[in-house]
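Here the structure is laid out as structure tokens; the discussion comes afterwards.
Heavy atoms only: backbone and side chains are in, while hydrogens, waters and symmetry mates are out. Note that the coordinates shown come from a computational prediction; the quantities given were computed from them, not determined experimentally. So you know, we letter chains A, B, ... as the sequences are listed, proteins then strands, and number each from 1.
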Amino acid sequence: MARFIAEREKHNQQEQTVHTSLQPNLEEIKKLFSYGVNKDFSIRTFNLFSNQKKACLCYYSSIVNGKTINEHIMEPLLQNKGESISNIVSIENIEKVNSFSDIIENINSGKAILFIDQSETAYAMDVADFQHRYISKSENESVIKGPQDAFTESLNSNISLIRKQLHNHQLINEGIQLGERSKNEVNILYIKDIVNDDILNQVKNKLNQIKVDNVRNIEILEQYIEDRPYSIIPSVLYTEKPDKATSYLEDGFIVLLMETSSACLIVPVTFWSFFHSPEDRYLRFFYGNFSRSIRLICFLLTTLISATYVAVSNFHSEMIPPDLLLAITASRERVPFPLIVEVLMMEVAFELIREAGVRIPNPLGPTIGIVGALILGQAAVEANIISPIIVIVAAVSGLSSFAIADINMNFTVRLMRFIFILSAGMFGMLSLTGAFILFFMYAASLKSYGVPFFSPMSPHFLSSKDTVFRKSVKKELFRPDYLKPKDLQKKQKKG
Amino acid sequence: MNLLKALFFLIPLLLLFGCYDRIELEQQSYVMAIGIDTTDQENQYLFTFEIANPEVGSATAQGGEGEPPAEIVSVIGTDILTATYTANSVVAKKITLDHTKIIVASEEIARSDKFLSVIQSASRSPQIRRAVELVVSKEPAEDFIRNNEPTMEKRPHKFYNFMLSRAAQTGIIPQATLHRFFQITEGDADVFLAVYATTEQSKEKERGYEDNYIAGEIPQIGGSPTQFMGSAVFKEGKMIDILNGEETRFAHILDKTHDMDTFLATIPDPLQPEYRVSYNYAQKNKPQINIDYQKGKTAKIKVDVEYQVEIIGIQSLINYSQIQKYRKILKENITNRLEEKAKQLVKKSQEQYSTDPFYWSLYVRKHFKDVPSYEEADWNKNIYPNAEVEITFKLDKLEFGKMFDDSNVSEVRD
Amino acid sequence: MGNRGYLRTQEIFAMALIIISIKLTDSTPSLLAQKGQNGFWLIPILSFALILPGFLLMIYLLKKYENKNLIELFESILGQWFGKLIGFILFLFAFFAMTLDSRNYVEQIKLLYFPETPSDLIFIIFFGIVFFGAKKGIEVIGFTSWISFFVLNFFTFLIIVLIWGDIVVERIYPIFGSGLDHLLNQGYQKAAMFSEIFFFLIAYQAAKQTEMFRKGIVIAFTYGFFLIILFYFIYVSVFDYNSIQKLAFPFHDITQYVNFGSFFTNIETIFMIFWLIAAYLKFMILLYAAGWIFGTIFNIQNFDPVLLPLAFLVVTIGLMPFNSIMNELVLRETLFMIMSPFFIFLPFLLWGIALMKGDLRK
């Protein structure tokens, strides 16, 4: 009960408006921000040069740019004359604020607040300078041909990266505040005269419905806005490449950005958004489609090769050519485990290396290669724990899983692999085919913001037919119709 | 979450379920060849299984050196499948027939009435494929399989595979899949040709040439003792005769359903008969077979074969390539010889077998409206034995290889 | 569930094609060959000719009575109760066709690939998968069918290419097999081999526009028919008349026989995968269609819950202890003989009544 009342009190405080005289304001601020305890909270009092009134500037010194405060706020205020504050300071962005709740929000987002004696308004001046990484090369979605830059943990830089590629005044960047305790901003990017308003409203509604204390970054947000949290298939696309985001924007998709993440979310998704890589489009027609076909093979290999191996050798040994059959049999003669255990062991071992490889500190990196290769390759075979064929199978399935660049889809595929292996172990091809077709149908039944997962292939929609293979760039005439964009035509066909 | 927990319990359970048909590779032994022999008992047969030893020839296997490439087991049983279970008293693993390449039947059982019923039980099981080839061995099949020791191709399936496909390409043995056996036997009109082979040298034929041998007669020094040559003639599922390699080739030439590549053969030199001319026979097109049939009349069978010949060697060094007169003689000689041989074979089949080894019954079928009338007309009793057969060979192209002329021996020696 | 307007011509085409053309892989050809000998490949032509007018008439009627599916069409032409009765007969046909067919497929799987597994277990697994698939609804089945259509088509033609060398065209002679009268008789009796296409008419309203449905199903019917003829022709010319009668599953005998060169000799399992996909899809469509027919008759809007008891019944009845020969040669044949006249004459009856009632002049 007491806690509840305290919360009410706090609530009332925040509704308070700015007092006319400086002193009570100062008291209030000191109380709100625990001045003195909170070491990076700074308050500076001085007299204005223009009317000799007392004034005070408060900010978090850790998130503002001190040089800007000195050059553009303090110096003008102490030296220049002028009728109103906005005529004196030379800061880009100045806002009047009246209530303490606004003041708290502004200070938290890196603004300096100027109180002036005998004035009921305070001024919020944007001097924010959150520290962030500089824009660097994309590391998780690397391409050979194409722009190399990646998003960084700064909203402005990220939007700048997108606007750099899309000079369009219809590109809207809308902000929505999220979180009860810590208010973070989610920016919704879309092209106004293309995007479908229904989908846009759905996205906004979803964002507005999130009632939590804090949504820290886009990775957490992804889990709040996805349609099916328990589904094995992702329903939001996550990328760190601005060029990828831009190409989706152009087609009428919606991009979500936050200050704190070096990536963006794209909705709605189809299977193809996980399957494609921006490089397919930068490469020439044949090269791009060649790499698509390789990726398709990788997709199938990584999900099915181990399972197929289990099914074929445990149930359908007749289909293995005799030489290979004898070779496998010979290599298995001294192995103490059933084949399916062998396969599972290898797959788990591979996942182990992978997980350890991600977590291992950089200086120890080379260890993982040596240990992995030794344990999994040589030693295990020589100790007759596994047969050499399994090493090949697991290696192929592991290697091809790296061709699926999208991290969400990557997990889907890796998890499905185990399900397929188990189902293959039950009734060979009968259950494997069944599991596969059910998985496929499950995927086909998914919808992300009303868009079926395999569109535009089936159900068919007018589009530039960019599915497994893409058409030549000159022949891409339409935006995907499954989004119901306001403008379907990408370019006019020329005769 | 409950679902997940349930799954954890279910998965091991499901893995247990899958015991029925799941079998590890090393728990099976793979039969590559099956031999069928008669025994003293009625309706009991001796089955010989040649089981490949996976450890021989594998790079990865440790040990296994000194082991033979195949284990050969013979057991008595009523049919192939039950015999595999009997054989398990000797063989430790489950016997799998999926990879069987050939079925060897001894000449003795092939000539008996029981053969069809033994072989039919094989077709009932999906384990024995229709592409398995049928070989008839002169000696008991067991001896054939045991004596067959290829020196180069250690793994038995490799040997059979290469041997049968190469020999069939040259036409000295027929392609004798079970598929074809059942079709022809069930079709009950023509005779089926199975591969004839042996590992026993019989008395060598005195004056043989390259293809008029049957297996066992070919003089040979070195190599494996196994000889594949000629074919066993099956009429209504029972072996009745043996064709030699040359006759088998002619059966190929005259049969549209057989594929044959080129083959090399010799003829006596038309100008100096003590020498021989060797040539490469090639047949680009399938033979044209036309049958004139009207009820109650003798059928007329007209066969046109177009062929090409490339001369490879001329022992007599006569300049056939440049002298047109000689060339013409050579052409006529080859054509006549081919026609004569073909006619001999047809005559033999008409008189001895009263049906044909060329699958010619196919071409008379279009003269009938339905099966009952076709069966009534009776190809192998009525139509074929009395038919007039006319075979024409037409030489399409005569080539002389890449050299215009042979070097004159006397000039070289000079 | 139901119609959200995502199905178009190609999905309807793919679904209809699967349920028709999979007939070429089961034991229907050997059923026909029992009486027709090597003329059996001509039987579907006659059946097709007999079924086609009625089928087109049904399509025409459905077009005339807009916004009605098959059962609603019966009801509005024949009156509510009589219409429901005919609908129920149709349901029973669909149900028994599905049951006997599925038994047939389970036997195929068991005999060829899982000889030691009890049929019960295969049946349960098979229908379990079919049930979960059918629950996803007609649209998802449609998408899946269309996407797998390319692959299935590729492998169908791969078989044709691989077996090409073993075709001996002369084996189709004597052209009329066991005799023309036999063929004609069989053509009439086995007209129901195309009966699945009538069950599928229940989905008339499923497509985005009914025109798409009509187009899809007619194209699928013709294409499927040609595939059947092509394959039956291959069976005759690869096996000859005496052998074909003895083979229960000529399709699988062909997949066992073909090879890619001498290295890959036993490749039937590759074809089995795609055959299985098609078989799963076929029974999903049939199960869903049967549920739909049932739902419409008894005015159950959301017939999703009907699918489980239906699937259960199929398994229970399918597992009744007949052996496969009995199932094949007696039960399926009888069902065909009952269904054939029904499907040949029913459309004309409906059309006649509709004409008399004057409904068609609108």
Tell me, side chain or backbone of [X] under 4.5 Å from chain A's heavy atoms, or both, or neither?
| X | value |
| --- | --- |
| I273(C) | both |
| I109(C) | side chain |
| S148(C) | neither |

**Request:** Identify the two heavy atoms, one from G133(C) and one from M441(A), that lie closest to each other, and give their separation to 0.1 Å.
**Result:**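 Shortest heavy-atom separation between G133(C) and M441(A) comes out as O-CE, 3.5 Å.
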
**Asked** Of all heavy-atom pairs between A444(A) and V140(C), which one has the smallest distance, and what is that distance?
**Response**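 For A444(A) and V140(C), the tightest heavy-atom pair comes out as CB-CG1, 3.9 Å.
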
**Request:** Sort L430(A) into side chain, backbone, both or neither according to what part of it lies under 4.5 angstrom from a heavy atom of chain C.
**Result:**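 Both parts, backbone and side chain.
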
**Asked** Heavy-atom distance under 4.5 Å to chain C: side chain of F436(A), backbone, both or neither?
**Response**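 For F436(A), no heavy atom lies under 4.5 Å from chain C.
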
Within a 6.0 Å radius of atom [atom1] on [X], are there more than 12 heavy atoms belonging to other residues, nucleotides or ligands?
| X | atom1 | value |
| --- | --- | --- |
| K206(A) | NZ | yes |
| F290(A) | CZ | no |
| F469(A) | CZ | yes |

Distance check, rounded to the nearest 0.5 Å: [X] atom [atom1] versus [Y] atom [atom2]?
| X | Y | atom1 | atom2 | result |
| --- | --- | --- | --- | --- |
| M429(A) | I270(C) | CE | CD1 | 8.5 Å |
| F271(A) | I147(C) | CZ | CD1 | 9.0 Å |
| W146(C) | M457(A) | CH2 | CE | 9.0 Å |

**Item:** Largest heavy-atom contact set with chain A, pairs under 4.5 Å, which of F132(C), Y280(C), F143(C)
**Value:**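 So the answer, after comparing F132(C), Y280(C), F143(C), is F143(C).
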
**Message:** So which residue, I122(C), T9(C), T117(C), I267(C), ends up with the most heavy-atom pairs under 4.5 Å with chain A?
**Reply:**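 Winner by heavy-atom pair count: T117(C).
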
**Asked** If you tally heavy-atom pairs under 4.5 Å against chain C, which of P322(A), A311(A), P321(A) wins?
**Response**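 The candidate making the most pairs under 4.5 Å is P321(A).
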
**Request:** List the steps, then state whether side chain to side chain contact (heavy atoms under 4.5 Å, CB included) holds for I437(A) with L281(C).
**Result:** CA-CA 9 Å; I437(A) 200 168; L281(C) 283 172; 3.9 Å; yes

**Asked** F427(A) versus L121(C): any side-chain heavy-atom pair under 4.5 Å?
**Response**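 Heavy-atom side-chain distance check passes, below 4.5 Å.
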
**Asked** So do E318(A) and T269(C) actually touch side chain to side chain, heavy atoms under 4.5 Å?
**Response**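 Yes, close enough: below the 4.5 Å cut-off.
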
**Donor-acceptor side-chain pairing of S458(A) and Q10(C) below 3.5 angstrom** =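 No, no side-chain donor-acceptor pair sits under 3.5 Å.
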
**Message:** Quick check on the 6.0 Å ring-centre criterion: do F114(C) and H316(A) meet it?
**Reply:**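 Ring centroids of F114(C) and H316(A) are less than 6.0 Å from each other.
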
**Message:** Treating R8(C) as the side-chain partner and H460(A) as the backbone partner, does any N or O pair qualify as donor plus acceptor under 3.5 Å?
**Reply:**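 Flag set: sc R8(C) to bb H460(A) pair under 3.5 Å.
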
